[in-house]
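Here, residue 1 is the first one in the sequence, and each next residue gets the next number.
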Amino acid sequence: MMNETTYTAYFTPDEWTLRESLYDQLAALAGDSLRSEDTERIEALLIQAVEADRLERDSFGLNPIIKNLQTALIVVDEMGMRRAAIVSILLHDVVKNGFITVEEAGKQFGADVQGILSGLVRINKLYEKNPSIESENFRNLLLSFANDMRIILIMIAERLVLMRKIADSENEEARQQVAREASQLYAPLAHKLGFYKLKSELEDLVIKYTEPEVYAELSRKLEETAASREDYMANFIAPIEKSLLGNPHIKYRIKGRTKSIHSIWQKMQRQKSPFEKIYDIFAIRIIIDSEPANEKSECWQVYSLVT
């Protein structure tokens, strides 16, 4: 018989509140792709696993259920994945800790879930056997093991969640190891696969943990110059926007953003210059929505208006 009191006690009060919020967010983003019976069966398995003491917190003391919910949110919101990926992530630790097998999960949730979980388990074993995971050889092995690209994307999302949550950890050695892996393995993979937002956040968090004084100083300077930078970008965009409005057949969006701390730090090192001498610390993009046949000509039109 399930003991839900034991399950509730597994969470701190803040974690329990966060769990409710994360489930609500996940349901809203996943829509009809995540069935109510899926979440009910997953929750039942989690309750049983906790009662059997088969869901341990990691070396940072993180709650695996919370971490997996946050990972699932990233793969849905940032990567566009749906049911099979969500279910696999939420079951990952239950399977990894041997509470149920990959095959049992497949019988309950389908072959697609079984395939993803099988790949995640194989990669877990690869981690255990390869101490030098930052090497090019490991990256090649990883890609060959993960015959479903969703598995690699889940790993990137999982690592980003971990990097976000270990800021206050006292386990400095483990945090440095996590940061090195993010720098040498996960950020390059995110870049290669086109997830530049996730790549930039991973790289910024690497600087935060490996060069904390640099991170703090650049964060402070970016905050101090934020207002003037916003004004500068607005003034820069205004005449371009005016020209684009004169071409109503072009559907567009203009996005301005400050470059990442990691990117600015790299420029400072390459140019051997202080922050104040780095002038290209923001980027502006014009994104156009064109029919394929008109895409090239409209890109050139926009380019012409900018120049």
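Listed for the Ser290 side chain is no donor-acceptor partner under 3.5 Å among the backbone atoms of Ile288. A donor-acceptor distance shorter than 3.5 angstrom exists from the side chain of Ser243 to the backbone of Pro239, with no hydrogens or angles considered. Side-chain atoms of Arg150 do not come within 3.5 Å of backbone N or O of Ile116 as any donor-acceptor pair. The closest donor-acceptor contact from the side chain of Asp77 to the backbone of Leu73 lies at 3.5 Å or more, if one exists at all. Of the possible donor and acceptor atoms, one in the side chain of Arg175 sits under 3.5 Å from a partner among the backbone N and O of Ile166. Between the side chain of Ser263 and the main chain of Ser260, no donor-acceptor pair closer than 3.5 Å is present. Under the 3.5 Å distance criterion, the side-chain polar atoms of Ser200 are matched with a main-chain donor or acceptor of Tyr196.
Of the charged side-chain nitrogens involved, none lies within less than 4.0 Å of a carboxylate oxygen, so that Glu158 and Lys96 do not count as a salt-bridged pair. A salt bridge links Lys67 with Asp58: at least one charged nitrogen is closer than 4.0 Å to a carboxylate oxygen. With respect to Glu224 and Arg220, a salt bridge is recorded, a charged nitrogen being found less than 4.0 Å from a carboxylate O. Looking at Arg35 and Glu40, no side-chain N of the basic residue comes within less than 4.0 Å of a carboxylate O on the acidic one, giving no salt bridge.
Around CZ of Phe282, the count of heavy atoms belonging to other residues, nucleotides or ligands within 6.0 Å exceeds 12.
Counting only heavy atoms from C-beta outward, the side chains of Phe99 and Leu55 never approach each other to under 4.5 Å. Put simply, the side chain of Phe109 reaches to within 4.5 Å of the side chain of Leu91, judged on heavy atoms. With contacts defined as side-chain heavy-atom distances shorter than 4.5 Å, the pair Glu223/Ser219 does not qualify.
To the nearest 0.5 Å, the span separating CG on Leu305 from CD1 on Ile240 amounts to 9.0 Å. Taking CE of Met79 as the reference point, atom CD1 of Ile156 lies at 5.5 Å (rounded to 0.5 Å). Atom CG in Leu46 sits 14.0 Å away from atom CZ in Arg54 (nearest 0.5 Å). One finds the NZ atom of Lys165 at 12.0 Å from the CZ atom of Phe60 (value rounded to the nearest 0.5 Å).
In the model, Gln108 has no side-chain atom that pairs as donor or acceptor with a side-chain atom of Glu104 under 3.5 Å. Side-chain contact check for Gln301 and His249: at least one donor-acceptor pair (N or O, by modelled atom type) lies under 3.5 Å. Under the 3.5 Å distance criterion, with hydrogens and angles disregarded, a donor-acceptor pair is assigned to the side chains of Glu43 and Tyr7. For Glu173 and Gln177, the side-chain atoms include no donor-acceptor pair closer than 3.5 Å. Donor-acceptor pairing under 3.5 Å is recorded for the side chains of Gln25 and Ser21.
In the hydrophobic clustering (ILVMFWY side chains linked at under 4.5 Å, chained through shared members), Phe275 is joined by Ile207, Val214, Tyr215, Leu218, Leu222, Ile261, Ile264, Trp265, Met268, Ile278, Ile281.
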Original post:
Between Glu201 and Arg164, is a side chain to side chain contact (heavy atoms under 4.5 Å, CB included) present by the stated rule, with each step listed?
Top reply: CA-CA 9 Å; Glu201 186 177 351; Arg164 286 172 175 174; 2.7 Å; yes
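Arg180 forms no cation-pi arrangement with Tyr209, by the criterion of a distance under 6.0 Å to the ring centre and an angle within 45° of the ring axis.
Residues in residues 236-262 take part in these salt bridge (charged side-chain N to carboxylate O under 4.0 Å, His left out) pairs, two or more places apart or across chains: Lys259-Asp280.
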